[in-house]
Amino acid sequence: MTCGFVPSEFVVPTLDGPGFRMEPLGPEHNERDHTAWMSSIAHIKAMPAFAESSWPEAMSLERNLSDLEGHARDFENRAGFTYSILDGDEVIGCVYIYPSHEAGCDAHMKWWVTASRAKMAPIVGPALTSWLETEWPFENWSGM
């Protein structure tokens, strides 16, 4: 049985990677998340996954909270999975796993790290790829 886009019996994983950990993104991350991406808009837009995206764009803390509440609802409903990438309690990035709109793919992953933690990108990227390939039930996925 499928609920959202993963089987209902699937236990949604987290990841403790080399130099970072992840936890589901929620309203409790609002200020830290907002600070992280607002400080890195140009850097994030330069990442391949966001090159053609309208996000990130400057927004208020209140609007960010609304977005985080939406991501938390998606997570709870198993319709999409967004994680904060953390170093201690500091938000240094995010990961988004949602159904793919690409033919032949069942999921799409994109992620970012802050400009101040750009050196983490070559560590985070391969760790996320391995995690998605080994811990998730997707046959075919796309993303960066």
Of all the heavy-atom pairs spanning [X] and [Y], show the shortest one and how long it is.
X   : Y    : answer
S84 : C94  : CA-SG, 4.3 Å
I41 : P56  : CG2-O, 3.7 Å
A72 : G26  : CB-CA, 4.3 Å
A49 : K110 : CB-CB, 3.5 Å
P27 : E69  : CG-CG, 3.8 Å
T14 : P24  : CG2-CD, 4.3 Å

To the nearest 0.5 Å, what is the distance between [atom1] ([X]) and [atom2] ([Y])?
X    : Y    : atom1 : atom2 : result
L65  : E28  : CG    : CD    : 10.5 Å
H108 : H101 : NE2   : NE2   : 9.0 Å
F10  : R78  : CZ    : CZ    : 7.5 Å

Joint hydrophobic cluster, [X] plus [Y], side-chain heavy atoms closer than 4.5 Å:
X   : Y    : result
I44 : L61  : no
L86 : M38  : no
V95 : F138 : yes
M47 : I97  : yes

Could you check if a side-chain atom of [X] sits within less than 4.5 angstrom of a side-chain atom of [Y], using non-hydrogen atoms only?
X    : Y    : result
F81  : M109 : no
P137 : P7   : yes
P13  : W136 : yes
H43  : V113 : yes
L128 : L15  : yes
V124 : W112 : no
D33  : N64  : yes
Y96  : T82  : yes

Only one of W55, W111, W37 passes ring pair (Phe, Tyr, Trp, His ring centres under 6.0 Å) with F50; say which it is.
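With F50 as partner, W55, W111, W37 yield a single ring pair (Phe, Tyr, Trp, His ring centres under 6.0 Å), made by W55.
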In terms of the angle between their ring planes, are Y83 and F75 parallel, tilted or perpendicular, with boundaries placed at 30° and 60°?
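If you compare the ring of Y83 with that of F75, the planes turn out perpendicular.
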Handout entry: Check: S130 side chain, P126 main-chain N or O, donor-acceptor pair, under 3.5 Å
Key =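 Not a single qualifying donor-acceptor pair exists.
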Can you tell which of R32, R21, R117 makes a salt bridge (charged side-chain N to carboxylate O under 4.0 Å, His left out) with E90?
->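 Single salt bridge (charged side-chain N to carboxylate O under 4.0 Å, His left out) partner of E90 among R32, R21, R117: R117.
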Can you pull the salt bridge (charged side-chain N to carboxylate O under 4.0 Å, His left out) pairs that have at least one residue in residues 36-62, sequence neighbours excluded?
->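 As it turns out, the salt bridge (charged side-chain N to carboxylate O under 4.0 Å, His left out) pairs with a partner in residues 36-62, which skip direct neighbours, are E57-R63.
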